[in-house]
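Scroll down for the structure; my scribbles are underneath it.
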Amino acid sequence: QVQLVESGGGSVQGGGSLRLSCATSGITAGSASVNFMGWFRQAPGQEREGVAAIWGDLTKYYADSVKGRFIISHDNAKKTMYLQMNSLKPEDTAMYYCAAGLLRRLENWARHEEYRYWGQGTQVTVSS
């Protein structure tokens with residue numbers, strides 16, 4: 001059974017940094033149900049949007065709004081995915097979720113419908 005648990009959220013002033021972690025269990029190498037992991041966020045009253053995604057160790061995708069500020073990574077030994085968030089802005093305020101799924105088309109990485117497994121979320125609040 002795949003489980004995802006986020007941590008690392010909190011409150012920070014604009015320009016600050018946070019690192020989110022997503023501890024995984026139940027995902028094995030060569031899994032038939034997971035080949036992609038990502039971070040999504042959802043602010044109140046808004047759609048859930050893809051922030052970043054990672055496939056293997058080299059293929060990474062970022063939303064235009066976070067390029068150059070956020071870095072997604074994965075530690076296979078620790079079975080943990082990370083999202084390093086720098087130069088945070090008030091508009092980054094949202095609930096952040098990690099997700100895992102089996103994507104058949106890489107260009108769909110930001111579509112939340114493509115991901116089968118989700119964590120409970122961790123709140124990030126950025127003040128101006």
Side-chain angles (χ1 to χ4, degrees):
Q1 183 178 358
V2 175
Q3 290 189 322
L4 309 175
V5 180
E6 304 97 334
S7 62
S11 297
V12 64
Q13 284 194 323
S17 298
L18 285 173
R19 189 177 79 157
L20 305 183
S21 300
C22 175
T24 72
S25 60
I27 300 176
T28 58
S31 170
S33 62
V34 175
N35 67 349
F36 227 88
M37 293 192 67
W39 287 98
F40 286 75
R41 66 186 181 187
Q42 188 168 20
Q46 296 190 20
E47 294 283 328
R48 188 168 296 192
E49 65 169 341
V51 175
I54 187 167
W55 179 72
D57 292 326
L58 297 178
T59 303
K60 302 178 182 181
Y61 295 90
Y62 295 95
D64 288 343
S65 59
V66 306
K67 279 181 182 176
R69 300 189 297 124
F70 291 10
I71 301 171
I72 189 171
S73 63
H74 186 269
D75 186 325
N76 290 328
K78 295 182 178 179
K79 297 184 178 181
T80 301
M81 179 176 65
Y82 302 97
L83 185 68
Q84 177 66 43
M85 304 186 296
N86 302 318
S87 302
L88 282 162
K89 303 175 181 180
E91 50 263 44
D92 295 318
T93 295
M95 184 72 78
Y96 283 70
Y97 299 90
C98 68
L102 186 68
L103 266 69
R104 290 174 172 81
R105 302 186 66 166
L106 300 183
E107 57 263 36
N108 291 339
W109 73 267
R111 296 184 59 182
H112 62 84
E113 302 91 339
E114 298 290 324
Y115 294 78
R116 178 177 179 181
Y117 306 102
W118 292 85
Q120 294 296 320
T122 185
Q123 178 68 36
V124 171
T125 302
V126 184
S127 58
S128 56

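Only heavy atoms go into these numbers, but all of them, side chains included; no hydrogens, no water, no symmetry mates.
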Item to complete: Please step through salt bridge (Lys or Arg N to Asp or Glu O under 4.0 Å) for the pair Lys67 and Asp64, ending with a clear verdict.
Response: CA-CA 5 Å; Lys67 279 181 182 176; Asp64 288 343; 3.2 Å; yes
Fill in: Non-hydrogen atoms of Ser17 and Gln84 that approach each other most closely
CB-NE2, 4.0 Å
Fill in: Minimum heavy-atom distance between Cys22 and Leu4, given as atom pair plus value
SG-CB, 3.9 Å
Using modelled atom types only, decide if a donor and an acceptor are shared between the side chain of [X] and the backbone of [Y] within a distance under 3.5 Å.
| X | Y | value |
| --- | --- | --- |
| Thr24 | Lys79 | yes |
| Thr80 | Ala23 | no |
| Asn108 | Arg111 | no |
| Tyr82 | Ile71 | no |
| Asn35 | Trp55 | no |

Any side-chain heavy atom of [X] within less than 4.5 Å of one from [Y]?
| X | Y | result |
| --- | --- | --- |
| Tyr61 | Ile72 | no |
| Met85 | Tyr96 | yes |
| Arg69 | Tyr62 | no |
| Phe70 | Leu88 | yes |

Gap between atom [atom2] of [Y] and atom [atom1] of [X] - 0.5 Å precision:
| X | Y | atom1 | atom2 | answer |
| --- | --- | --- | --- | --- |
| Trp109 | Tyr115 | CH2 | OH | 7.0 Å |
| Tyr117 | Met37 | OH | CE | 11.5 Å |
| Leu20 | Met81 | CG | CE | 9.0 Å |

Fill in: Stacked cation flag Arg48 on Phe40, 6.0 angstrom / 45 deg
no
Worksheet item: Under 4.5 Å between side-chain heavy atoms, hopping through other hydrophobics if needed: is there a path connecting Val66 to Leu18?
Response: yes
Response to the item:
Of Glu6, Glu47, Glu91, Glu49, the one forming a salt bridge (charged side-chain N to carboxylate O under 4.0 Å, His left out) with Arg41 is Glu49
